[in-house]
Amino acid sequence: MSALEKIRNLAIIAHVDHGKTTLVDALFKGAHMFRDNQRVQERAMDSNDQERERGITILAKTTSLHWGGYRFNIVDTPGHADFGGEVERVLSMVDSVLLVVDAFDGPMPQTKFVTRKALALGLRPIVVINKVDRPGARPVWSQDQVFDLLIELGATEEQLDFPCVFASAKMGYAMLDINDASETLDPLFDTIVKHCPHPKGSPDAPLQMLVTLMDWSDFVGQIGIGRIVNGRIRVGDQVGLVKRDGTVQPQKISQLYGFEGLTRVQLQEASAGEIVAIAGIADIRVGETIADPASPVALEYVDIDEPTISMMFMVNAGPFAGQDGKHVQSRRIRERLTKELQHNVALRVEDTDTPDAFKVSGRGELHLSVLIETMRREGFELCVSRPEVILHIDPVTGEKMEPYEDVTIDIPEAFMGVTMEHMGNRKAEMQDMGNEGGRLRLHFKIPSRGLIGFRSEFMTDTRGEGIIHSLFSHYGPHKGDLPGRKNGVLISMEQCETVGFALMNLEERGVIFLHPGVRCYEGMIVGEHARENDLVVNVAKGKKLSNMRASGSDEATRLTPPREHTLEQALEYIELDELVEVTPNFIRMRKRVLDTNERKKSERRPSDNTWAT
């Protein structure tokens with residue numbers, strides 16, 4: 001058997017939180033990649049700080065392990081729809097996919113998205129029904145649901161005849177039949193060897209390698225990751241870099257890396273079928289082909305779906321600008337966004353009429369908020385606007401079109417009424433409803449605009465017991481105006497420090513967002529008004545310290561804990577005339593126009609600021 005026939009390249013795809021990264025941990029242990037006494041973190045592939053904090057996979061990552069004389073090159077992919085661009089790219093690197101499905105939930109919206117992409121590329125899935133040890137698990141039902149999903153997505157007969165493995169990644173066992181007894185993952189490894197085809201291609205043909213993922217090293221610079229489709233590659237080789245526009249640049253390979261468990265190992269040579277990382281090419285980009293300079297032939301690149309949400313990234317022009325972050329100039333923000341474009345292929349950045357503002361488009365609120373949070377941790381200060389959907393015009397009818405999303409909601413029956421009412425207000429149309437294990441599962445089709453600001457409201461309505469998942473569906477007719485935030489805001493009247501006495505007196509006016517002793521400025525949002533209009537308030541008003549005292553009037557200051565906002569909650573909360581100011585240590589909400597008098601004038605006249613809306 002040739003070395004090529006001993007390689008298996010596969011990606012693990014699933015809905016968010018169905019156990020992909022935990023399954024990779026289990027595969028590591030099943031292949032004895034670590035010493036028995038070696039300490040390994042849970043979800044070892046989630047190496048990014050934000051991934052660990054949020055409990056989700058954001059970036060696709062490559063690893064490799066050995067079992068039974070075979071080499072398994074595995075790509076762990078994100079499960080959230082906002083990072084679907086990562087999934088679309090890596091599927092061109094592999095020959096099969098492990099489709100992981102929760103034994104209780106069954107196929108969910110993101111399962112449908114990633115499966116559609118895999119089927120379109122002709123990949124035959126290996127279905128893993130995970131979490132079979134979970135209370136209330138329905139493995140056979142989940143298997144039937146996967147079959148129904150594949151039929152709905154137009155799978156071929158070969159793809160419908162998929163192998164199915166029942167597993168518990170957390171406990172580290174798998175079996176081919178739900179009634180079998182097993183203590184290892186060997187049945188899963190056997191299934192992969194049997195049903196995942198080995199890579200096609202020839203080590204003796206001219207070199208071809210498609211760059212699919214990007215990485216960065218402070219020592220060697222830009223690193224391109226991809227699969228060698230044909231030929232061999234060696235350190236020091238002269239190669240041709242085929243750009244997306246067809247031009248060819250002569251380049252030299254200075255470093256070559258392979259993957260072994262959680263580490264990257266240096267190689268001198270690699271051949272067809274292997275997934276490798278190369279360094280030495282400064283301006284390498286995703287979608288470009290590394291080829292033999294004598295016969296440079298480009299490989300086909302899968303186009304990434306277009307963005308649906310856009311936001312304005314602006315220089316922080318507030319009174320506290322430059323007091324917290326290191327990078328505040330528009331030049332530094334532009335450089336950072338340009339650098340992000342090199343590996344974040346689902347992102348778009350456009351200049352605006354104003355040199356201090358950039359229009360950034362992505363696949364969803366989470367996609368953009370992860371970028372903002374990353375920049376914030378790198379020392380950037382910036383202001384960002386409310387997310388807005390990207391509208392299209394139908395070329396035939398001239399009708400305005402907007403993005404729609406498929407939404408799946410799981411709630412206890414008691415919250416059905418309030419959920420239906422709020423979804424109806426946001427122009428959602430119910431597609432399906434089912435009762436599963438005492439909880440309702442509702443399916444809606446809703447304009448993407450309707451979901452902006454809905455998630456935090458939904459969690460309040462369901463007292464934290466509701467689960468909501470959404471997935472981009474299609475562009476459809478514009479639904480007209482949607483209701484915005486019902487309440488106005490409390491706005492600070494001057495630059496000052498908040499005083500507990502003033503905040504206590506303001507509590508009857510609405511909900512406070514700040515603790516005592518916090519610095520704020522004129523135009524900064526300090527709370528939510530109980531009525532529809534905005535109210536300018538004095539948050540620095542102190543108690544009069546005179547000698548006059550009245551019985552019962554000198555009470556201690558008692559404050560309700562303030563409502564604090566995360567970055568995502570702040571982005572959902574603000575309206576079009578407001579901004580979120582993001583610095584390394586603070587997240588503030590403010591009005592676009594800080595001066596009270598100027599703000600009143602601008603409210604009287606229609607806005608002539610095109611980028612501001």
Side-chain angles (χ1 to χ4, degrees), residues 316-325 376 381 383 386 453 456-457 459-460 463-464 484-575 577-603:
N316 180 14
F320 298 160
Q323 296 183 15
D324 191 32
R376 175 189 173 202
E381 279 191 23
C383 286
R386 186 172 191 252
S456 52
E457 182 183 308
M459 296 310 290
T460 304
R463 299 177 189 175
R485 190 178 64 211
K486 295 175 184 174
N487 297 61
V489 289
L490 302 177
I491 305 164
S492 173
M493 69 188 301
E494 61 182 351
Q495 187 169 319
C496 59
E497 266 192 22
T498 55
V499 175
F501 179 74
L503 297 180
M504 182 183 72
N505 289 328
L506 286 173
E507 283 183 351
E508 61 189 38
R509 296 281 192 175
V511 181
I512 304 300
F513 294 163
L514 304 177
H515 289 276
V518 175
R519 294 171 68 214
C520 59
Y521 52 80
E522 182 182 5
M524 181 171 152
I525 296 171
V526 297
E528 181 180 280
H529 194 197
R531 299 187 179 181
E532 293 181 4
N533 61 305
D534 294 343
L535 185 67
V536 178
V537 296
N538 181 5
V539 289
K541 184 180 179 183
K543 186 187 291 186
K544 286 202 166 46
L545 300 178
S546 66
N547 288 328
M548 302 298 292
R549 292 287 183 274
S551 174
S553 66
D554 197 31
E555 297 172 354
T557 301
R558 292 186 177 86
L559 287 172
T560 307
R563 183 201 295 171
E564 298 182 77
H565 291 79
T566 63
L567 176 60
E568 284 84 4
Q569 289 168 341
L571 292 173
E572 287 190 341
Y573 184 81
I574 60 172
E575 288 293 329
D577 65 333
E578 297 161 359
L579 300 172
V580 177
E581 181 183 317
V582 181
T583 73
N585 295 304
F586 300 99
I587 294 173
R588 304 182 179 103
M589 292 181 286
R590 48 161 281 194
K591 288 291 184 180
R592 282 186 188 268
V593 182
L594 297 178
D595 184 85
T596 305
N597 295 325
E598 288 295 325
R599 192 165 57 247
K600 286 179 180 175
K601 289 177 188 174
S602 66
E603 286 169 2

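Numbers here are sequence positions counted from 1.
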Derivation and outcome, side-chain contact (heavy atoms from CB on, under 4.5 Å), residues T583 and R588: CA-CA 9 Å; T583 73; R588 304 182 179 103; 4.3 Å; yes
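- Within the model, atoms CZ of R376 and CG of L567 stand 7.0 Å from one another, a figure rounded to the nearest 0.5 Å.
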V537 and V526: CA distance, side-chain angles, deciding distance, side-chain contact (heavy atoms from CB on, under 4.5 Å) verdict: CA-CA 9 Å; V537 296; V526 297; 4.0 Å; yes
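- Looking at every heavy atom in both residues, R599 comes nearest to S602 through O-OG, 2.8 Å.
- For the side chain to side chain contact (heavy atoms under 4.5 Å, CB included) with E578, the qualifying choice from I491, V489, V593 is V489, the only one to do so.
- Contact record, F320 with C520: CZ-O, 3.7 Å, taken as the closest heavy-atom pair.
- In the displayed structure, R485 atom CZ is contacted under 6.0 Å by more than 12 heavy atoms of other residues, nucleotides or ligands.
- Note: E522 CD to N597 CG = 8.0 Å, rounded to the nearest 0.5 Å.
- A side chain to side chain contact (heavy atoms under 4.5 Å, CB included) with L579 holds for exactly one of R386, R590, M589; it is R590.
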Check against side-chain contact (heavy atoms from CB on, under 4.5 Å), T560 and I512: CA-CA 8 Å; T560 307; I512 304 300; over 6 Å; no
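- For the residue pair E572/H565, the side-chain donor-acceptor check at 3.5 Å is not satisfied.
- In this structure, I525 CD1 and S492 OG are separated by 11.0 Å, a value rounded to the nearest 0.5 Å.
- Atoms CD and OG1, on E494 and T596 in that order, are 10.0 Å from each other to the nearest 0.5 Å.
- The CZ atom of R592 lies 7.5 Å from the CD1 atom of I574; values are rounded to the nearest 0.5 Å.
- Ion pairing of E528 with R563 is present here, as a side-chain N (NZ or NE/NH1/NH2) and a carboxylate O approach within less than 4.0 Å.
- In terms of heavy atoms, A502 sits closest to A540 at CB-N, 4.1 Å.
- The pair K591-D534 meets the salt-bridge criterion, with a side-chain N (NZ, NE, NH1 or NH2) lying under 4.0 Å from an Asp/Glu carboxylate O.
- Scanning both residues, E381 and P584, for their nearest heavy atoms gives CG-CD, 4.1 Å.
- A donor-acceptor distance shorter than 3.5 angstrom exists from the side chain of T498 to the backbone of G517, with no hydrogens or angles considered.
- Contact detail for L594 and P319: the closest heavy-atom pair is CD1-CD, 3.8 Å.
- Closest approach of G488 and Y573 over heavy atoms only: O-OH, 4.3 Å.
- Side chains of H529 and N487 form no contact here, defined as non-hydrogen atoms less than 4.5 Å apart.
- Interatomic distance, L559 CG to F501 CZ, rounded to the nearest 0.5 Å: 11.0 Å.
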Working for side-chain contact (heavy atoms from CB on, under 4.5 Å), residues F586 and R519: CA-CA 11 Å; F586 300 99; R519 294 171 68 214; over 6 Å; no
